[in-house]
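Working notes, beginning with the structure itself.
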There are 2 protein chains.
Amino acid sequence: MAIATRKEHIRSTAQKLFRTKGFAATSMRELAREVGIEAPSLYNHYTSKQQLLQDICFDIAAQFQTTFDASVATEQSNSQKLRRAMLGHVQVIASNIEASSVFFDEWVFLEAGELARFKKLRAAYQQAFRNLVADGIASGEFNAVNVKLTVFMIFSALNATYDLYKSGERLNEEEIAEGISAILFNGLERTK
Amino acid sequence: MAIATRKEHIRSTAQKLFRTKGFAATSMRELAREVGIEAPSLYNHYTSKQQLLQDICFDIAAQFQTTFDASVATEQSNSQKLRRAMLGHVQVIASNIEASSVFFDEWVFLEAGELARFKKLRAAYQQAFRNLVADGIASGEFNAVNVKLTVFMIFSALNATYDLYKSGERLNEEEIAEGISAILFNGLERTK
DNA sequence: CCTACCGATCGGTAGG
DNA sequence: CCTACCGATCGGTAGG
């Protein structure tokens with residue numbers, strides 16, 4: 001596997017380490033060792049450990065929003081839009097397994113200013129999903145569920161994608177998104 | 001608020017710090033400062049930082065399993081058992097907000113032997129839920145869903161309880177468990 | 001990209 | 001429960 005550039009190599013290695021050991025428990029020396037250079041040389045590519053985290057987190061945040069916008073820009077029903085948005089969310093995770101894992105678990109280590117910016121992006125993304133569910137209720141497509149709770153459930157289920165990949169299940173993106181959609185849309189309880 | 005014992009005070013303070021900053025980023029000096037003693041004095045109560053983490057994680061693990069066993073030891077339908085088990089799960093989280101948050105996010109820092117023991121307990125708990133869902137399908141109460149995926153969804157939704165508490169929603173345990181159950185059992189899509 | 005090195009902080013121990 | 005302190009390691013800089 002050819003490594004495109006050293007900078008990318010550093011970043012992908014950092015993603016792996018941040019995920020497995022956590023941001024705080026990962027040292028720049030260990031990262032350097034894994035990359036195959038001395039620790040101070042890392043600073044020719046990234047100004048700080050914090051900068052690495054920021055790059056990873058905001059890249060994923062942007063991917064989520066871009067994918068969502070594309071999913072919704074259709075003339076389909078709210079139900080279909082939601083299904084597409086869910087699949088898109090899973091696809092972003094699946095195409096960035098290590099990075100999205102860092103995005104979910106390590107964003108708390110972003111420093112003050114960037115942390116605030118990050119939270120805003122996340123809130124906007126959540127709100128977009130809530131609007132979609134609310135529109136679906138208004139149009140009569142969905143049951144009159146608790147919107148915030150529903151979106152919470154959708155995200156918590158979708159964000160377990162990483163664990164599903166790791167488990168022995170061997171599900172691909174479509175199977176995960178469709179399996180979750182099936183349960184969420186149709187419900188568990190058998191209707192007689 | 002009276003602090004029962006110093007040891008309990010240390011533990012509850014550690015839970016708060018481990019949750020907000022993470023296990024690796026929390027120092028014993030900071031913990032000591034927060035408690036109001038010097039760092040070396042901590043070692044009269046806990047042999048190590050690791051020991052603190054173990055106490056927290058395994059206590060919660062035991063509570064989950066005990067609560068589940070009690071929920072299932074009834075002569076109700078599988079559907080009712082599952083609802084009760086879900087409520088019990090939320091109640092354990094709600095009664096141990098800080099500790100359960102550490103349980104979910106910081107267990108990765110358990111050292112080798114304890115890590116293996118922890119994973120076994122967690123796997124057994126998951127399997128118990130899977131059996132319940134499988135029984136419900138066999139008895140015709142549930143739709144023929146993907147069992148593992150369904151249990152994954154249940155846990156990922158229930159484990160967001162902590163976030164739901166923090167959000168402005170002000171839902172209590174019953175409302176969270178019932179809200180999630182309602183969506184999960186009945187589904188989002190309106191049946192005509 | 002390296003060697004050499006800084007000040008700060010870490011988990012934990014000795015000894016009382 | 002404290003003071004004093006250990007060796008190790010941290011993120012990052014200087015200077016080339």
Residue mapping more 5' on DNA chain D - nearest nucleotide basis, A/Asn44 or A/Pro40
A/Pro40
Start at the 5' end of DNA chain C and walk down; is the nucleotide closest to A/Arg29 or to A/Gly36 reached first?
A/Gly36
Test item: B/Ser100 and B/Tyr162 side chains (from C-beta on) under 4.5 Å apart, heavy atoms:
no
Salt-bridge present (B/Arg11, B/Asp59; N to O < 4.0 Å)
yes
Mind checking which nucleotides bracket the chain B contacts on DNA chain D, 5' to 3', with an atom under 4.0 Å from a heavy atom?
D/dC1 to D/dA4
Could you check whether A/Glu30 pairs with A/Arg33 (Lys NZ or Arg NE/NH1/NH2 to Asp/Glu carboxylate O, under 4.0 Å)?
no
Please tell me if the side chains of B/Leu149 and A/Leu171 come closer than 4.5 Å, counting only heavy atoms from C-beta onward.
yes
Using a 4.5 Å cut-off on heavy atoms from C-beta on, say whether the side chain of A/Phe118 contacts that of A/Phe103.
yes
Given that both distances must come in under 3.5 Å, which nucleotide forms a Watson-Crick or G-U wobble pair with D/dT3?
C/dA14
